[in-house]
Colleague: 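The following block contains the structure, expressed as structure tokens.
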Amino acid sequence: MSPLWEQRDFQRVAGDVWRPGGPELTRRCLELCAERCGLQRGSLVLDLGCGRGASLDLLAQEGYRALGLDRNAHAAWPKRMSGINALQADASCLPLTDNSLDAVLCECVLSLLHDPCAVLRGCRRVLRPGGALLVSDLFLRAPGGSGSSGRAGRCAEARFSCADGARAREEWERLLARAGFFLHYFEDHSRALAELAARLIWYDVADAPGPDRRAAHCACKGGRALGYGLWIAQKEPQ
């Protein structure tokens, strides 16, 4: 059984952008990171869980040096990303040297992992002192709702639905602190999640059989219990 983002019905609706908010939210992440962390054009930015490369294209267009990493190699990489490097690797074992990146972009990825704190620690290792972490992901609005709430298994074993790995906003922020990050800013973008849910329902993904149904559940499960947030954090400067 394939994860939801690999299902044809989900990709038919979402296209190359497999998360709420699309490129507008990625631009917002970069703007906030420039304001809060001093990220500049020309900086080396890793897109962790880059998928087909939509955000890598955007990073390059905005003047950043873009590097992608995903557990699956995608046929779109050589076709669309001229001059951009993309690596097939596990998020829990980043094949990068210490202190080598200016920023890590992590869009709707942490909730898919059984041990996101281990991955966050890896991100901190490869970031230079003062490097920035840009996260957008699902969060639980109501305590006691659905979601993993701290369960751990194999470090980067993917879930079938990001809703399964959603955590309370406070828990995400505790994980960031445990991994060694200083949180600068949070912004609520739950409306983008509702818009994605509406598109999935409109195109009948919610009525698809089998795992395709999970695509709609990712955006709709629990009604108002799920939100979508943006976090800007930073590795401490030396």
Side-chain angles (χ1 to χ4, degrees), residues 3-37 39-87 91 101-112 123 132-139 162 184-203 205 215-216 218-219 226-233:
L4 70 93
W5 63 93
E6 294 178 358
Q7 299 299 318
R8 286 184 299 173
D9 278 356
F10 182 83
Q11 293 183 10
R12 174 170 56 89
V13 176
D16 287 346
V17 183
W18 302 342
R19 64 189 183 281
E24 293 79 12
L25 188 54
T26 304
R27 287 192 181 92
R28 178 62 178 162
C29 282
L30 294 170
E31 290 170 2
L32 287 169
C33 199
E35 293 172 8
R36 305 274 172 164
C37 304
L39 186 68
Q40 299 178 351
R41 299 292 195 278
S43 296
L44 179 59
V45 181
L46 172 68
D47 182 5
L48 186 67
C50 63
R52 291 181 175 177
S55 288
L56 287 173
D57 282 345
L58 187 150
L59 287 168
Q61 291 165 13
E62 294 291 322
Y64 296 95
R65 292 181 292 141
L67 173 64
L69 185 144
D70 201 276
R71 70 187 183 95
N72 295 320
H74 292 269
W77 286 357
K79 297 178 182 177
R80 68 183 298 171
M81 294 189 289
S82 176
I84 300 175
N85 293 318
L87 307 173
L101 301 176
D102 297 303
V104 175
L105 177 65
C106 191
E107 298 177 298
C108 214
V109 170
L110 294 177
S111 57
L112 295 170
C123 291
L133 178 69
L134 300 73
V135 174
S136 63
D137 218 314
L138 290 171
F139 68 92
C162 42
H184 274 290
Y185 187 72
F186 168 82
E187 205 167 73
D188 192 326
H189 285 271
S190 298
R191 182 173 179 177
L193 181 65
E195 290 171 353
L196 176 59
R199 291 169 61 201
L200 293 169
I201 292 170
W202 178 263
Y203 287 102
V205 177
C218 174
L226 283 177
Y228 198 78
L230 183 162
W231 290 263
I232 303 296

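Since this is a predicted model, take the numbers as computed values, not measurements.
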Colleague: Leu25 and Pro20: which non-hydrogen atoms are nearest, and at how many Å?
Modeller: CD2-O, 3.8 Å
Colleague: Please lay out, stage by stage, how Phe139 and Ser190 fare under the test side-chain contact (heavy atoms from CB on, under 4.5 Å).
Modeller: CA-CA 9 Å; Phe139 68 92; Ser190 298; 4.1 Å; yes
Colleague: Please name the pair of heavy atoms, one in Val45 and one in Tyr64, separated by the smallest distance, quoted to 0.1 Å.
Modeller: CG2-CD2, 3.9 Å
Colleague: Treating Arg71 as the side-chain partner and Gly49 as the backbone partner, does any N or O pair qualify as donor plus acceptor under 3.5 Å?
Modeller: no
Colleague: Side chain of Asp70, backbone of Gly51: donor and acceptor closer than 3.5 Å?
Modeller: yes
Colleague: Under the side-chain contact (heavy atoms from CB on, under 4.5 Å) test, which residues partner Ala73, sequence neighbours left out?
Modeller: Trp77, Gln88
Colleague: Quick one: closest heavy-atom pair of Leu134 and Ala103, and the distance?
Modeller: CD1-CB, 4.0 Å
Colleague: For Arg65, which residues count as a side-chain contact (heavy atoms from CB on, under 4.5 Å) partner, sequence neighbours excluded?
Modeller: Leu44, Asp102
Colleague: Can you give me the closest heavy-atom contact between Asp137 and Leu110, atom names plus distance?
Modeller: OD2-N, 3.1 Å
Colleague: Of all residues at least two apart in sequence or in a different chain, which pass the salt bridge (charged side-chain N to carboxylate O under 4.0 Å, His left out) check with Glu35?
Modeller: none
Colleague: Grab the two heavy atoms, one from Gln40 and one from Ser43, that are nearest each other, plus how far apart they are.
Modeller: O-OG, 2.7 Å
Colleague: Over 60° means perpendicular and under 30° means parallel, so tell me whether Phe186 and Trp231 are parallel, tilted or perpendicular.
Modeller: tilted
Colleague: How many angstroms lie between atom CG of Leu193 and atom SG of Cys108, to the nearest 0.5 angstrom?
Modeller: 8.5 Å
Colleague: Under a 4.5 Å cut-off applied to non-hydrogen side-chain atoms, are Ser55 and Glu107 in contact?
Modeller: yes
Colleague: Which heavy atom in Ile232 sits nearest to a heavy atom in Cys37, and how many Å separate them?
Modeller: CG2-SG, 3.7 Å
Colleague: Give, for atom SG of Cys29 and atom CD of Glu187, the distance between the pair rounded to the nearest 0.5 Å.
Modeller: 8.5 Å
Colleague: So, taking the atom named OG1 in Thr26 and the one named CG in Leu230, what distance separates them when rounded to the nearest 0.5 Å?
Modeller: 9.0 Å
Colleague: Atom CG in Leu46, atom CG in Leu133: separation rounded to 0.5 Å?
Modeller: 10.0 Å
Colleague: What's the spacing between Cys50 SG and Leu56 CG if we round to 0.5 Å?
Modeller: 5.0 Å
Colleague: How about Ile84 and Leu59: do any of their side-chain heavy atoms sit closer than 4.5 Å?
Modeller: no
Colleague: Please round to the nearest 0.5 Å and tell me the distance separating atom NE2 of His189 and atom CZ of Arg28.
Modeller: 6.0 Å
